[in-house]
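A short worksheet on the structure shown next.
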Amino acid sequence: MSAQGVTPQSEDFARWYTDVVQKTELADYAPVRGCMIIRPYGYELWEAVRSGLDRRFKATGHRNAYFPLFIPMSFLQKEAEHIEGFAPELAIVTHGGGKELDEPLVVRPTSETVIGYAYANWIQSYRDLPVLINQWANVVRWEMRTRLFLRTLEFLWQEGHTAHATYDEAQEETLRMLDVYADFAVNDAAIPVVKGRKSSQEKFAGAMYSYTIEAMMRDRRALQSGTSHNLGQNFAKAFEIKYLDRSNELQYCWTTSWGLSTRMVGGIVMAHGDDKGLRLPPVVAPYQVVAVPIYKTDAEKSVVLPVMARLVAELRSAGLRVHVDDREEVSPGFKFNDWEMRGVPLRLEVGPKDVEKASAALVRRDIDDRKQAKSFVSQAGLANAVTGLLTAIQASLLQQATVFRDAHMHAVDTYGDFKAVIEQGDWALAYYDGSAEVEDQIKADTGGASSRCFPLDQEAGAGKCIVSGRPAKERAWFAKAY
RNA sequence: CGGGGCGUGGCGCAGUCGGCUAGCGCGCUGCGUUUGGGACGCAGAGGCCGUCGGUUCAAGUCCGACCGCCCCGACCA
């Protein structure tokens, strides 16, 4: 890490990422391997993700609740595929209060099982359905290799868990929540995403179908940014989640679960960041505007500061998140670079000339060229100008990410083209029979590219699997992924 | 767990064939001058050289073990 700024993205993306996360004070390493200390700036970003999602969950009829951290080991074993999938990454508590426990407790890697237990008790009749609950929680998965935000042993997330009377309702819910994630990603995080269905290898352990939103990072690798699962009746059967239908017959429920984690913070970093550091979308940025006063002498300072204070108050009363950098010990130039690294979307400068002319300078973070990024506006109506620019920046970041992404996604028809596309680091869309052998073959041939999803928006058609030649009904996206 | 790299003030590093009081840049503290794109001067503070054990008159330096971190793979939100 250099003393000033971060390793340029173009030089070493992985290094750039770790530099950015630490130098912008999003997070720090913890004393335990693979764990992370989320610092205020990073936590505020997560809080913005949280509030954007929470609002949408409530608007679609969900309520928040909280289920316990510890789960009896036996619960996980009730669903065969579930335990098989999670067993290698469980943290297990064997002792408590100085004594060995009769039954080990698992630190939740996800909560389908405890929640299934509760739902079995709560649900008797079709009148109790649907149950639409979400929880905000931490979970633990003992991963081999970790990276700040992208994969940590403990992470924060939300997990929605719903129970329904029919398959169709569960499927509808699964896709509704996938849409909620996509809406959040696009409109709040300014990240374009591909919605799709996971291959059977990539699906959640215990799910019938898993759906995902996949985003492209600036190094073109894919990031699974949120998942929504139709669990079928797998967990209902394992936990006896049953209801009496209208004709007084006992039926198993159909359940869903869906989650989005602090990984999204890493996604925001990697989808928008540039050589200078972060570029945060205004909707989720902890500070939307940073105000830097400019003065040389005490006399100038005494005229600049009151004007700045007045303007900042106006912006705040317009509902904007504004930070005033009134540090005396660093120069304005230093502050400009510092806040650009931290990704604040818009900078407000007020100096002696502005006081004279009743103007202010606004500088956009999303535009590289300094002259183009900077504009001078009248102090009158500043809040409107700022709001307008923030809207433009939000749109521009989405636009830039979309243009970048689309330039690196290719539909292919031959395996030669497929490998060439992956080789150059891009995403390839190809007919795929969905088999594990083909996926393994592709992984081996391409140095680790995996199927990301069968995109939902593809036209119905048929073709031959690009590897096996077997008939395939759908195309899938393949890419190297985080 | 396999391969590669690295552990020396907060951060980044130097420290030659073992030798004297362990150094440099950044940052930090104080004072003064500065301030519209990463200011400067002066004076300071800050180290069990990752841990343990060996070799030696003498170890940051040589040997061994261990621990930790980073990068690349197998596994994953």
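First the proteins, then the strands, lettered A, B, ... as listed; each starts at 1.
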* Expressed as a whole number of Å, how far does the C1' atom of B:C26 sit from that of B:A39? -> 15 Å
Separation of B:G36 atom P from A:L362 atom CG, nearest Å, is 18 Å
**Message:** Angle between ring planes, A:F235 versus A:F239, binned at 30° and 60°: parallel, tilted or perpendicular?
**Reply:** parallel
- Query: What nucleic acid atoms does A:L260 come within less than 4.0 Å of, heavy atoms only: base, sugar-phosphate, or nothing?
  - Reply: nothing
Please verify the inter-ring angle class for A:F57 with A:H62; under 30° counts as parallel, over 60° as perpendicular, anything in between as tilted. perpendicular
| request: Could you check whether A:R327 gets within reach of a base, just the sugar-phosphate, or nothing at all, counting any heavy atom under 4.0 Å? | output: nothing
Taking for A:K374 and for A:Y482 the nucleotide of RNA chain B with the nearest heavy atom, the one nearer the 5' end belongs to A:K374
When rounded to whole Å, the CG to C1' distance for the pair A:L153 and B:A77 reads 13 Å
Would you classify A:K353 as touching base, sugar-phosphate or nothing, given that sugar-phosphate means primed atoms plus P, OP1 and OP2, and contacts are heavy atoms under 4.0 Å? base
Taking B:C75, B:G37, B:G36 as options, the one with an atom nearest any side-chain atom of A:E143 is B:C75
Between A:D325 and A:R342, is there a salt bridge with N-O shorter than 4.0 Å? no
Side-chain contact check for A:S331: nearest option of B:A39, B:G37, B:G36 is B:A39
Look at the side chain of A:D354 against the base of B:G36 and say whether a donor-acceptor pair falls under 3.5 Å; ignore hydrogens and angles. yes
Hey, does the side-chain of A:R347 have a donor or acceptor N/O within less than 3.5 Å of a partner on the base of B:G36?
no
Out of B:U35, B:G36, B:A77, minimum distance to the side chain of A:A361 belongs to B:G36
| task | Name the nucleic acid region contacted by A:E340, choosing base, sugar-phosphate or nothing; use a 4.0 angstrom heavy-atom cut-off, strictly under. | result | base
Rounding to 0.5 Å, atoms CZ (A:R279) and CZ (A:R365) come to a distance of 6.5 Å
- prompt: What does A:S228 touch in the nucleic acid at a heavy-atom separation under 4.0 angstrom: a base, only the sugar-phosphate, or nothing?
  reply: nothing
Whole-Å distance, A:N337 CG to B:C26 C1', equals 16 Å
Atom CD1 of A:I294 and atom C1' of B:G36 are separated, to the nearest Å, by 5 Å
Rounded to whole Å, CZ of A:F149 lies from C1' of B:A77 at a distance of 14 Å
request  = With C1' as the reference atom in both, quote the distance from B:U61 to B:G25 in angstrom, rounded to an integer.
outcome  = 23 Å
- Under 4.0 angstrom, heavy atoms only, what part of the nucleic acid is A:P88 near: base, sugar-phosphate, or nothing? nothing
Between NZ of A:K335 and P of B:A39 the distance, given in whole Å, is 11 Å
Sorted by chain and number, sequence neighbours left out, side chain to side chain donor-acceptor pair (under 3.5 Å) with A:K353 holds for none
Sorted by chain and residue number, the salt bridge (charged side-chain N to carboxylate O under 4.0 Å, His left out) partners of A:K301 (sequence neighbours excluded) come out as A:E328
Mark yes or no: A:R347 above the aromatic ring of A:F336, with NZ or CZ under 6.0 Å from the six-membered ring centre and no more than 45 degrees from the axis. yes
| request: Validate the cation-pi geometry between A:R141 and A:W157: distance from NZ or CZ to the six-membered ring centre under 6.0 Å, angle to the ring axis within 45°. | output: yes
Whole-Å distance, A:K357 NZ to B:G36 P, equals 16 Å
- [ ] Tell me, with the steps shown, if A:F418 and A:Y415 meet ring-ring contact (aromatic ring centres under 6.0 Å, His included).
- [x] CA-CA 5 Å; A:F418 180 97; A:Y415 197 40; 5.5 Å; yes
Value for OG1 (A:T255) from CG (A:N230), rounded to nearest 0.5 Å, stands at 7.5 Å
Between B:U35 and B:G47 - C1' atom distance, rounded Å:
35 Å
When you measure from the centre of the six-membered ring of A:F13, is the NZ or CZ of A:R218 closer than 6.0 Å and no more than 45° off the axis? no
Separation between the C1' atoms of B:A65 and B:A74, rounded to whole Å: 28 Å
Tightest non-hydrogen contact, residues A:Y41 and A:E25, listed as CB-O, 3.5 Å
Open item on the list: When the P atoms of B:A58 and B:A14 are compared, how many Å lie between them, rounded to an integer?
Closed with: 29 Å
Read 5' to 3' with Watson-Crick or G-U pairs under 3.5 Å, [ ] for crossing pairs and | for partners on another strand, RNA chain B gives (((((((..((((.....[...)))).((((((.....)))))).....(((((..]....))))))))))))....
Contact check, residues 181-214 of chain A vs RNA chain B, heavy-atom distance under 4.0 Å, returns none
Verify the stacking flag for A:F334 against B:G37: centroid separation must be under 5.5 angstrom and the ring planes must differ by under 30 degrees. no
Of the listed B:A39, B:A77, B:G36, the closest approach to the A:R141 side chain comes from B:A77
A:E328 CD to B:C28 P, in whole Å, measures 15 Å
Checklist line | C1' atoms of B:C72 and B:G64, separation to the nearest Å | finding: 28 Å
message = Just to be sure I understand the rule, does A:G351 reach a base, reach only the sugar-phosphate, or reach nothing, if contact means heavy atoms closer than 4.0 Å?
response = base
**Q.** Geometric cation-pi criterion A:R50 and A:W136, 6.0 Å radius, 45° cone
**A.** yes
Looking only at B:G36, B:C75, B:U35, the nucleotide nearest the A:E349 side chain is B:G36
Each nucleotide of nucleotides 67-73 of chain B classed B (base within 4.0 Å of a protein heavy atom), S (only sugar-phosphate) or -, in 5' to 3' order, makes --SS-SB
**Prompt:** In whole Å, what separates the C1' atom of B:G54 from that of B:G12?
**Reply:** 32 Å
Applying ring-ring contact (aromatic ring centres under 6.0 Å, His included) to A:Y482 and not counting sequence neighbours gives none
Next on the checklist: Between B:U51 and B:U8, how far apart are the two C1' atoms, rounded to whole Å?
Outcome noted: 15 Å
Salt bridge or not between A:K371 and A:D369? Use side-chain N to carboxylate O under 4.0 Å. no
